[in-house]
Amino acid sequence: MKVSPSLLSADFCHLADSIDMINRSQADMLHLDIMDGVFVPNISFGFPVVENLKNICNKPLDVHLMIVEPQKFINEVKAIGADIMNVHYEACIHLSRVVQQIREAGMRPGVTINPATPVCVLEDIIDQVDLVLIMSVNPGFGGQKFIENSLKKVTQLRQLIDRSGSKALIEVDGGVNEATGRKLADAGADILVAGSYVFNAPDPLERIDTLKNL
């Protein structure tokens with residue numbers, strides 16, 4: 001299992017220490033939630049913060065834009081060193097064009113769907129993306145309870161990927177811990193995003209190892 005710890009749950013007064021922990025861990029990438037207070041009811045951090053983090057982070061950056069009109073910021077996301085640029089289906093009127101622009105900028109395109117958005121909306125885009133992120137909580141805040149229906153959506157997405165021949169990976173974000181992570185692994189998830197479960201633990205490295213070995 002691939003693991004992408006979410007920096008949203010880290011101690012913002014000691015971000016350098018959090019990055020050092022991530023660098024020493026078995027984490028495969030670092031998940032960064034950029035929020036605008038419009039698409040979601042919260043504001044997190046912006047590009048200057050991420051640009052400085054990239055200078056000390058040895059892991060690939062998994063950048064998740066919870067913002068309106070994310071296509072306006074493709075160049076900025078590329079400039080901060082993102083490996084993956086993930087945009088919401090619900091925020092992109094011309095999704096296929098945005099995905100193409102992300103790839104042309106040299107990043108791996110990902111698409112996110114909210115809990116109330118069905119997997120079937122991805123049928124015409126699944127062969128164009130490298131990753132699909134299923135939100136297993138409503139986006140905007142960390143520490144929420146896992147939505148059990150997400151397991152069915154992961155199964156449906158795995159079937160769609162296998163049926164279409166797509167190489168897209170399945171990522172899940174929200175309420176991930178050892179118990180829900182095991183269920184998600186069984187359902188077909190490839191990447192687990194974990195915030196509170198990792199950063200609020202006495203031993204974050206152990207928590208990352210636990211998810212990694214599911």
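None of the values given here were measured: they were computed from a predicted structure.
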Using the rule that two of Ile, Leu, Val, Met, Phe, Trp, Tyr join whenever any of their side-chain heavy atoms come within less than 4.5 Å, decide whether [X] and [Y] are in one cluster.
| X | Y | value |
| --- | --- | --- |
| Ile43 | Leu8 | no |
| Ile126 | Val121 | yes |
| Leu15 | Leu205 | yes |
| Leu211 | Met21 | yes |
| Met107 | Val193 | no |

Where [X] and [Y] come nearest, the two heavy atoms and their spacing:
| X | Y | result |
| --- | --- | --- |
| Phe146 | Ser136 | CE1-CB, 3.5 Å |
| Ala201 | Pro204 | O-CD, 3.6 Å |
| Ile170 | Gly188 | CD1-O, 3.7 Å |
| Pro139 | Pro41 | O-CD, 4.2 Å |

[X], [atom1] atom: more than 12 neighbouring heavy atoms under 6.0 Å:
| X | atom1 | result |
| --- | --- | --- |
| Lys212 | NZ | yes |
| Asp124 | CG | no |
| Arg97 | CZ | no |
| Tyr89 | OH | no |
| Glu206 | CD | no |

Beyond-backbone contact of [X] with [Y], side-chain heavy atoms, under 4.5 angstrom:
| X | Y | value |
| --- | --- | --- |
| Val154 | Leu151 | no |
| Asn114 | Asn138 | no |
| Asp33 | Asp173 | yes |
| Lys145 | Val137 | no |
| Ser6 | Ser196 | no |
| Leu192 | Leu214 | yes |
| Asp83 | Met29 | no |
| Ile19 | Leu30 | yes |

Short question: side chain of [X], backbone of [Y] - any donor-acceptor pair under 3.5 Å?
| X | Y | answer |
| --- | --- | --- |
| Thr180 | Gly175 | yes |
| Asp28 | Val3 | yes |
| Lys153 | Met135 | no |
| Asn23 | Ile56 | yes |
| Ser44 | Met35 | yes |
| Asp127 | Ser166 | no |

| task | Take Glu123 and Leu160 through the side-chain contact (heavy atoms from CB on, under 4.5 Å) test and state the conclusion after the steps. | result | CA-CA 7 Å; Glu123 289 186 2; Leu160 173 60; 3.9 Å; yes
| task | Dump the intermediate steps for salt bridge (Lys or Arg N to Asp or Glu O under 4.0 Å) on Arg207 and Asp203, then the final yes or no. | result | CA-CA 7 Å; Arg207 289 287 176 85; Asp203 188 347; over 6 Å; no
Between [atom1] on residue [X] and [atom2] on residue [Y], distance to nearest 0.5 Å:
| X | Y | atom1 | atom2 | answer |
| --- | --- | --- | --- | --- |
| Ile34 | Phe39 | CD1 | CZ | 14.0 Å |
| Leu53 | Ile80 | CG | CD1 | 9.0 Å |
| Asn52 | Phe47 | CG | CZ | 14.0 Å |
| Arg182 | Asn177 | CZ | CG | 10.5 Å |
| Asn58 | Ser25 | CG | OG | 10.5 Å |
| Asp190 | Ile161 | CG | CD1 | 7.0 Å |

| query | Do the rings of His88 and His64 sit parallel, tilted or perpendicular, given the 30° and 60° boundaries? | reply |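 Rings of His88 and His64: parallel, under 30°.
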Without hydrogens or angle criteria, can the side chains of [X] and [Y] be said to hold a donor-acceptor pair below 3.5 Å?
| X | Y | value |
| --- | --- | --- |
| Asn86 | Thr112 | yes |
| Ser4 | Asp62 | yes |
| Ser9 | Asn200 | no |

| With respect to Met85, which candidate in Val63, Ile74, Val98, Leu131 satisfies the side chain to side chain contact (heavy atoms under 4.5 Å, CB included) definition? |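 Of all the options given, the one that passes is Ile74.
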| Worked check of side-chain contact (heavy atoms from CB on, under 4.5 Å) between Gln128 and Arg103 | CA-CA 9 Å; Gln128 301 175 42; Arg103 193 177 298 283; 5.7 Å; no
| Derivation and outcome, side-chain contact (heavy atoms from CB on, under 4.5 Å), residues Glu171 and His31 | CA-CA 11 Å; Glu171 185 175 41; His31 192 82; 3.9 Å; yes
| request: State which residues pass side-chain hydrogen bond (donor to acceptor under 3.5 Å, both in side chains) with Asp36; sequence neighbours excluded, sorted by chain then number. | output: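 Partners of Asp36 under the side-chain hydrogen bond (donor to acceptor under 3.5 Å, both in side chains) test: none.
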| query | Should Ile208 and Ile22 be marked as a side-chain contact (heavy atoms from CB on, under 4.5 Å) after you check the CA-CA gap, both sets of side-chain angles, and the distance that decides it? | reply | CA-CA 9 Å; Ile208 291 173; Ile22 294 296; 4.2 Å; yes
